[in-house]
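Below is one structure, written out as structure tokens; comments come after it.
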Amino acid sequence: MKPKSNVTPRKPNLKLNSNIVESKHVLLFASWIDKKDSSYYNKEKIPYDFNLLYRSNDRFDAKSFHRNCDNKGATIWIAKIQGSTQLIGGYNPLDWSGNGPKITLDSFLFNFTDGKNISNAKSGYVNDKNNAIYCYNHQGPSMGDLYCPDFNSWKYSYSGNYYPSIGIPRNFDVEDFEVFQVIKR
């Protein structure tokens with residue numbers, strides 16, 4: 001006789017508490033995190049949960065960002081560029097605490113020229129591990145040449161040294177911003 005079990009198998013949960021991205025974006029994010037082909041994961045096979053840590057759809061505030069995102073481990077952040085459907089973002093496999101640069105070869109930036117259409121997505125992994133992530137209390141998720149000050153006007157002074165060119169504009173205003181903790185299942 002086999003023992004009965006009232007435990008149901010865990011089904012992947014792709015519900016995402018986001019105003020910016022959908023579950024189809026999460027599949028791409030998981031593939032990029034694991035450096036796999038973009039179609040590697042599907043809704044039945046995804047190794048991560050994405051837990052919303054911070055949202056700003058008014059005015060970006062570095063102090064709030066750090067209060068909610070420091071010491072949380074790996075995160076992915078997404079910003080919607082004002083007056084467009086373009087989404088940019090990045091993955092930090094470490095955390096946002098500290099004061100200065102963090103070293104990693106696993107971070108990346110991404111760009112959706114049309115946030116509703118994932119087929120136009122581009123991602124670029126860090127070229128210079130020593131300048132992958134910058135953690136400073138007075139700024140947001142700065143990575144390589146992407147500078148995110150304590151307000152909505154951000155700058156990307158692309159040099160080609162830190163991350164490859166993926167079409168992120170040089171100067172832009174952020175309309176919406178979200179950060180998700182990436183948790184391995």
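Given the structure is predicted, the values throughout are model-derived calculations rather than measurements. We're numbering straight along the sequence, starting at 1.
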Ignoring hydrogens and angles, state whether a donor on the side chain of Asp106 or Tyr91 is under 3.5 Å from an acceptor on the partner side chain.
->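 Tyr91 and Asp106 do not have a side-chain donor-acceptor pair below 3.5 Å.
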
Will you find, in the side chains of Thr75 and Asn92, an N or O donor that is under 3.5 Å from an N or O acceptor?
-> no

Which atoms form the tightest heavy-atom contact between [X] and [Y], and what is the distance?
X: Ser23; Y: Lys43; result: OG-CE, 3.9 Å
X: Phe177; Y: Pro141; result: CZ-CG, 3.7 Å
X: Pro93; Y: Thr104; result: CG-OG1, 3.4 Å
X: Pro164; Y: Tyr158; result: C-CE1, 3.7 Å

Should the ring pair Trp32 and Phe112 be called parallel, tilted or perpendicular, given that the plane angle runs from 0 to 90° and is split at 30 and 60?
->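 The arrangement is tilted - the two ring planes meet at 30° to 60°.
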
Looking at [X] and [Y], would you say the former's side chain and the latter's main chain have a donor-acceptor pair under 3.5 Å?
X: Glu178; Y: Trp77; result: no
X: Lys24; Y: Leu28; result: no
X: Ser142; Y: Cys148; result: yes
X: Lys102; Y: Ser97; result: yes
X: Asn111; Y: Gly167; result: yes

Decide salt bridge (charged side-chain N to carboxylate O under 4.0 Å, His left out) for Asp176 and Arg55; before the verdict, give the C-alpha distance in whole Å, the side-chain angles of both, and the deciding distance to 0.1 Å.
-> CA-CA 8 Å; Asp176 289 314; Arg55 173 181 290 140; over 6 Å; no

How long is the gap from [atom1] on [X] to [atom2] on [Y], to the nearest 0.5 Å?
X: Ser159; Y: Asp145; atom1: OG; atom2: CG; result: 3.5 Å
X: Phe29; Y: Tyr41; atom1: CZ; atom2: OH; result: 15.0 Å
X: Ile168; Y: Thr113; atom1: CD1; atom2: OG1; result: 12.0 Å
X: Asn161; Y: Asn131; atom1: CG; atom2: CG; result: 8.5 Å
X: His66; Y: His138; atom1: NE2; atom2: NE2; result: 8.5 Å
X: Asp114; Y: Asn120; atom1: CG; atom2: CG; result: 5.5 Å

Determine, step by step, whether Ile88 and Ile81 satisfy the side-chain contact (heavy atoms from CB on, under 4.5 Å) criterion, reporting the C-alpha distance in whole Å, the side-chain angles of both residues, the deciding distance to 0.1 Å, and the verdict.
-> CA-CA 8 Å; Ile88 65 158; Ile81 295 179; 4.0 Å; yes

So, do [X] and [Y] sit near enough that their side-chain heavy atoms are less than 4.5 Å apart?
X: Arg59; Y: Asn152; answer: yes
X: Ile33; Y: Tyr48; answer: yes
X: Arg185; Y: Pro47; answer: no
X: Ile46; Y: Leu27; answer: yes
X: Asn99; Y: Asn137; answer: no
X: Phe110; Y: Lys122; answer: no
X: Pro169; Y: Gln86; answer: yes
X: Leu16; Y: Glu22; answer: no

Are there more than 12 heavy atoms of other residues, nucleotides or ligands under 6.0 Å from atom [atom1] of [X]?
X: Lys116; atom1: NZ; answer: no
X: Lys184; atom1: NZ; answer: yes
X: Lys72; atom1: NZ; answer: no

Evaluate the side-chain contact (heavy atoms from CB on, under 4.5 Å) criterion for residues Leu87 and Val21: first the C-alpha distance (whole Å), next the side-chain angles of each, then the deciding distance (0.1 Å), finally the verdict.
-> CA-CA 9 Å; Leu87 304 177; Val21 295; 4.0 Å; yes

Check for me, please, whether [X] and [Y] land in the same ILVMFWY cluster - side-chain distances under 4.5 Å, paths through other members count.
X: Ile78; Y: Val174; value: no
X: Val26; Y: Leu52; value: yes
X: Ile20; Y: Phe172; value: no
X: Met143; Y: Val182; value: no
X: Tyr54; Y: Ile76; value: no

Applying side-chain contact (heavy atoms from CB on, under 4.5 Å), run through Trp96 and Phe65 and close with a yes or a no.
-> CA-CA 9 Å; Trp96 291 108; Phe65 165 76; 3.7 Å; yes

Could you tell me whether Lys35 sits above the aromatic face of Tyr125, with NZ or CZ closer than 6.0 angstrom to the six-membered ring centre and within 45 degrees of the axis?
->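 Yes, Lys35 lies over the aromatic ring of Tyr125.
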
Check whether NZ of the Lys or CZ of the Arg Lys45 lies under 6.0 Å from the centre of the six-membered ring of Tyr40 and within 45 degrees of that ring's axis.
->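 Yes, Lys45 sits over the ring of Tyr40.
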
Tell me, with the steps shown, if Ser107 and Tyr163 meet side-chain hydrogen bond (donor to acceptor under 3.5 Å, both in side chains).
-> CA-CA 9 Å; Ser107 62; Tyr163 288 88; 2.7 Å; yes

May I have the step-by-step check of side-chain contact (heavy atoms from CB on, under 4.5 Å) for Ile166 and Leu109, ending in yes or no?
-> CA-CA 8 Å; Ile166 57 170; Leu109 293 174; 3.9 Å; yes

Looking at Phe60 versus Trp154, is the centre-to-centre ring distance below 6.0 Å?
-> yes

